[in-house]
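Taking it in order: structure first as structure tokens, then the write-up.
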Amino acid sequence: MRYDFKAIEAKWQDQWASAQTYKAEQPSNKPKYFILDMFPYPSGAGLHVGHPLGYIASDIYARYKRHRGFNVLHPQGYDSFGLPAEQYAIETGQHPLKTTNQNIARYREQLDRLGFSFDWSREVRTSDPEYFKWTQAIFLKLHDAWYDNVSDKARPISDLLYIFKTKGNRNLDAACDEQTEIFSAAEWLAFSEDQKSDILLKYRLTYLAETEVNWCPNLGTVLANDEIINGLSERGGHPVIRKKMTQWIMRISAYAQRLLSGLDNIDWPLALKESQRNWIGKSVGALVHFEVDQSDEKIAVFTTRPDTIFGVSFLTLAPEHPLVARLTTSNQQQKVKDYIEATSRRSERERMADVKTISGVFTGAYAVHPFTKASIPIWIGDYVLAGYGTGAVMAVPCGDQRDHDFARFFNLDIPNIFKDVDVEQEAYTQKADVLLKDSDFLNELNYAKAMPIVIERLETIGAGQGQTNFRLRDAVFSRQRYWGEPFPIYYVNGRPRPIDSNYLPLQLPKVDQYLPTEDGAPPLGRATAWAWDTESNSVVDNSLIDHQTVFPIELNTMPGWAGSAWYFFRYMDAHNANVFADHEAMAYWKQVDLYIGGSEHATGHLLYARFWTKFLFDLGLSPVDEPFKKLINQGMILGTSAFAHRVEGTTHFVSKDEIKDQKTQRIHVDVSMVDASDHLDTEAFKIWRSDFYSATFITNKQGHFVVEREVEKMSKSKYNVVNPDAICDQYGADSLRMYEMFLGPLEQAKPWNTAGISGVHNFLNKLWRLYIDQDGQLKVNDQPGSKDSLKTLHKSIKKVTEDIEQFSFNTSVSTFMIAVNEFSSQNCSSKEILEPFLILLSPYAPHIAEELWHKLGNFSSVTEQFFPEFDPNLLIEQTKVYPVSFNGKMRFTLELDLNLDKADIEKIVLSHENTKAQLSGLSPKKVIIIPGKIINIVH
RNA sequence: GCUCAAGUGGCGGAAUUGGUAGACGCGCUGGAUUCAAAAUCCAGUUCUUUCGGGAGUGUGGGUUCGAUUCCCACCUUGAGUACCA
């Protein structure tokens, strides 16, 4: 009987589903293991072969962990709020929920074919009201919390109210807006309710503020910093401009230090930790105040190198700096005005792209050096950014290359404060052990020693203090979109009030169109029933707003990352109606042990999820403060695009090897029309797109039309997408699973090549034929396995176990192939060998393993078996002794099986004549010697 | 510019406390089977060679009896990030 993968796979998928084989136990006495994939956004295009890569890896690991006796939680769900469904709704008027449900159904169908061991009973969808009710509830908790810098954690607003009432905020150290007034307890009590409400907003962990935001006119919404790449939107590549808007904002900056320190204790790829560190951007230094000559003004600068303060030769302000206008002397007035105008005409993007051009202007004013009292010219330069630090720098040309360039360009002083260093040509920017000179009390000190001293002196004379700056900005949380979580907020006198969490979910209202309104309000502004009645605690018609108890509801919705910032907790207790996840369930599952997904979420999702987890931890709602213990980034599977060359301005296509001098354009052709030798099926191509119907082809001498190949990202528009369904039809899910692993290391990007799958497919066929004869009868006996077969088996067990634990799934596939080849040549048909081998194989190719397992007469599932252990005694290598001549000297390289201490080894080795005889039957070690001297002992 | 990662056959890739480089698969070549094809099986496949060998893991050095592996410099590619003071 042939290996009928289609029937086998369908049969076991049904069986597993109906028996709920992969349901996680709860409660359970077993040790837990939580393994999670980044849940997908269900797009209309469906899955391509690149998507399941991470899911296959996590599935192998989940199955392995079950074999090891763990209670495995391996769930899946959908990040189902998002732009594409809304875009489609705008175009067609169809409710995004309908599109979303259709896409989810399609995704599920595709996922099911691959034999994943997901516990679907815990599925979550971020757009499900039963889910987003808790997203809204967590938002309200953030709204009802502030950050206490002293205890270094979030606390409820009620604590803050008590502090205000009893002590005011004078001695309070809390994360808050920059311009927050100081008040006493008495003053607080005298404030009106509106005033109190405004002040509290400056402390809440999610607050409403008018800020400059990144506005994308084409998308009609604001974007967070991580959604912008080079001044263009990540999605769609539309231009983004700065605009003032009132927005909900997450005070993630309060957690900057903890988000940074937390990275030290989690097992994540270095590159990913590095980009989070960059994004958080901690710099330790000092704030220094420079008095301005003949003025009461002070200029504050932030510097990471206060030790170089005696090298300051000028100050530079950003053109947008608020003091610019007041400082500029009358005779410089015009020049400064022209300069500011010129720079403001340049967009942020131009300014960032063009870092070579040096420009600036003198203000005419001078500052006073805090120590030397020397006069320091104040300049304006657009290399200083208004948005970072204080928007002003103390320029130390000998220690900073930008300052150096600026000084040279405008012919300013470059005083040298570094001993034995030449700063004529370029600045000395290292913090190495070079000593300072011409620096008064810092002379003869290095960076490390000078830092604390100079900061202390600055503090003594009141000219500054040590300070730590973070680049991490608070995250804008409002989107002018329909298809997202509504904010549980209504407005009284223009001031936000929370809707009590008992009345959640606040569901999305019906709208006639999904576009912003004519006057620029978000799509929810079109809803006719979008007002909150505080009496009935329900949504009512807008016409009732005149009524005393009825108020307008927030029109923005939450961003895509809201639902994904906590979804891992929901899997622990997916159906709880009273709380986002039960305390006991969370205490058991704790955190995600292994998280697999792409690296594109480095500074978005992965940072926000850590932020929310830390917040929930502070409130005692999470037992852990890091959500993902170990994280692996799977590499992308790339597509191999094909191009046909067309002579420019014609419909003539030229085979790649026939191109002479003609100017040609490359046209993407669908990869399904190209064979393994890169030959295009020209007839199929002609009917593929109507505009190519009359195309003519210049083929090569063999009569073939050769296309050009290139590896690119897999995408519909590049016609290089390979659909997993087609692969399953032709080769089966087990082949696909093994092949995706076989392609290369999990973390690496690698191109897809359908031709290669025949290798693993042949392997599965071979395995089948080895144990099943033509009539479908089992070719297995109850004889014990031969010594060779046992050795093959245990070699495989050892290798596969090591591979899985190190996530080197690609080499395991080779191991299986070698084993089956060896079994075949050993004529191995022992049940004793086959059974453990099937358990070993089942994480990779669960269907065929299950089928053969049952054919062997077993009734329970192969997934319930314990993973086999290897017997080291069967793995003893043969003793090898080989002499090698080197430089006329004789030396010996020995690989011995032994379990002896160094002295014994020496003794044996030095009498190597009968080494082999003496060493057989002991556990493996390696010794490498030259006569008379042991060079290396391998333990 | 900075940070990180990686450079091995025609291709994907193996090989680490330093020990016979190229496992395994694709592709290719030859053979068996077949009327033929598909499928399957067997053999070969880094380059070079006067068939003794010789060279070889991006380049150039170094450490070592021995280096794909460790160290230094450089080149290339990829990823991230960018006037961050």
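Just so it is clear, the values below take in all heavy atoms, side chains as well, and ignore hydrogens, waters and symmetry mates. Since the structure is predicted, the reported quantities are computational estimates derived from the model, not experimental observations.
The residues A:K799 and A:E802 are annotated as not salt-bridged, no charged nitrogen and carboxylate oxygen being separated by less than 4.0 angstrom. The residues A:R2 and A:D4 are annotated as not salt-bridged, no charged nitrogen and carboxylate oxygen being separated by less than 4.0 angstrom. Salt-bridge check for A:E822 with A:K791: failed, with every basic side-chain N at 4.0 Å or more from each acidic carboxylate O.
Between A:T303 and A:L287 the shortest side-chain heavy-atom distance does not fall below 4.5 Å. Side-chain contact between A:F302 and A:T304 is present, with at least one heavy-atom pair separated by less than 4.5 Å. No side-chain heavy atom of A:Y383 sits less than 4.5 Å from a side-chain heavy atom of A:D405.
Rounded to the nearest Å, the gap between the P atom of B:G1 and that of B:A67 is 34 Å. For the C1' atom pair drawn from B:A38 and B:A23, the interatomic distance equals 30 Å after rounding to whole Å. B:G7 sits 13 Å from B:U59 when the P atoms are compared, rounded to a whole Å. Nucleotides B:C28 and B:A39 place their P atoms 11 Å apart, quoted to the nearest Å. Separation of the C1' atoms belonging to B:A6 and B:U68 is 13 Å when rounded to the nearest angstrom. A gap of 39 Å separates the P atoms of B:G18 and B:A85, to the nearest Å. A gap of 35 Å separates the C1' atoms of B:C70 and B:G52, to the nearest Å. B:U69 and B:A15 have their P atoms separated by 15 Å, with the value rounded to a whole Å.
An anti base is found at B:G25: its glycosidic angle is more than 90° from 0. Against the 90° criterion about 0, the sugar-base torsion of B:G52 places it in the syn range.
The partner of B:G44, taking Watson-Crick or G-U wobble pairs whose two distances both stay under 3.5 Å, is B:C28. Using N1 to N3 plus N6-O4 or O6-N4 for Watson-Crick, or N1-O2 and O6-N3 for G-U wobble, each under 3.5 Å, B:U77 pairs with B:A5. In this structure, B:U63 forms no base pair with any nucleotide, since neither Watson-Crick nor G-U wobble geometry is met with both distances under 3.5 Å. A 3.5 Å limit on both hydrogen-bonding distances identifies no Watson-Crick or G-U partner for B:U20. Applying the Watson-Crick and G-U wobble criteria (two distances, each under 3.5 Å), B:A15 pairs with nothing in any strand. Under the Watson-Crick and G-U wobble criteria, each requiring two contacts below 3.5 Å, nucleotide B:A85 is left unpaired. With both pairing distances under 3.5 Å, B:G56 is matched to nothing as a Watson-Crick or G-U wobble pair.
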Polar pairs (N or O, both sides) under 3.5 Å between protein and nucleotides 11-13 of chain B?
unit_1 : atom_1 : unit_2 : atom_2 : d
B:G12  : O2'    : A:L743 : O      : 2.5
B:G13  : OP1    : A:Q748 : OE1    : 3.1

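If you check every strand for non-hydrogen atoms under 4.0 Å, A:S758 touches sugar and phosphate atoms only. No engagement by A:N469 is indicated, since no non-hydrogen atom pair under 4.0 Å with the nucleic acid exists.
Put simply, CD on A:E274 is 14 Å from P on B:A82, counting in whole angstrom units. B:C83 atom C1' lies 13 Å from atom CD of A:E320, rounded to whole Å. Rounded to whole Å, atom P of B:G78 lies 21 Å from atom CG of A:L272. Protein atom CD of A:E740 is 23 Å distant from nucleotide atom P of B:C24, rounded to whole Å. In this structure, A:K795 atom NZ and B:A15 atom C1' are separated by 15 Å, rounded to whole Å. As a whole-Å value, the separation of A:Q276 CD from B:A79 C1' is 16 Å. Distance A:D307 CG to B:A85 P: 13 Å, rounded to the nearest Å. Per the geometry, CD belonging to A:E600 stands 13 Å off C1' belonging to B:G80, to the nearest Å.
RNA chain B is contacted by both A:D803 and A:V813; A:D803 maps to the nucleotide lying nearer its 5′ end (nearest heavy atom per residue). Toward the 5' end of RNA chain B, the nearer of the two residues A:L270 and A:V760, judged by each one's closest nucleotide, is A:L270.
You'll find that the side chain of A:N821 is closest to B:G25, out of B:G25, B:C26, B:C83. Of the candidate nucleotides B:A85, B:C26, B:A82, B:A82 has the atom lying nearest to any side-chain atom of A:R471. Closest to the A:S275 side chain, of the nucleotides B:C4, B:G80, B:C84, is B:G80.
Of the residues in residues 390-403 of chain A, A:V393, A:R402 come within less than 4.0 Å of RNA chain B through at least one heavy atom, sorted by number.
A:K779 NZ: more than 12 foreign heavy atoms inside a 6.0 Å radius.
A:Y739 pairs with exactly one of A:Y844, A:W752, A:F809 by the ring pair (Phe, Tyr, Trp, His ring centres under 6.0 Å) rule, that one being A:W752.
The side chain of A:R769 contributes an N or O atom lying less than 4.0 Å from OP1 or OP2 of B:C41. For A:S283, a side-chain nitrogen or oxygen approaches OP1 or OP2 of B:A85 to under 4.0 Å.
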Side-chain polar contacts of residues 305-313 of chain A - donor-acceptor pairs under 3.5 angstrom, sequence neighbours left out - could you list them?
unit_1 : atom_1 : unit_2 : atom_2 : d
A:R305 : NE     : A:D307 : OD1    : 3.0
A:R305 : NE     : A:D307 : OD2    : 3.4
A:R305 : NH2    : A:D307 : OD2    : 3.1
A:T308 : OG1    : A:R305 : O      : 2.7
A:S313 : OG     : A:D413 : O      : 3.0

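Geometric assessment of A:R610 against the ring of A:W279 yields a negative cation-pi assignment under the 6.0 Å and 45° thresholds.
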Q) Given the rule in the side chain to side chain donor-acceptor pair (under 3.5 Å) test, do A:T603 and A:Q276 qualify, once you have shown the distances and angles that lead to the verdict? A) CA-CA 6 Å; A:T603 49; A:Q276 289 216 347; over 6 Å; no

**Q.** Derivation of the side chain to side chain donor-acceptor pair (under 3.5 Å) call for A:Y771 and A:S829
**A.** CA-CA 7 Å; A:Y771 295 106; A:S829 48; over 6 Å; no

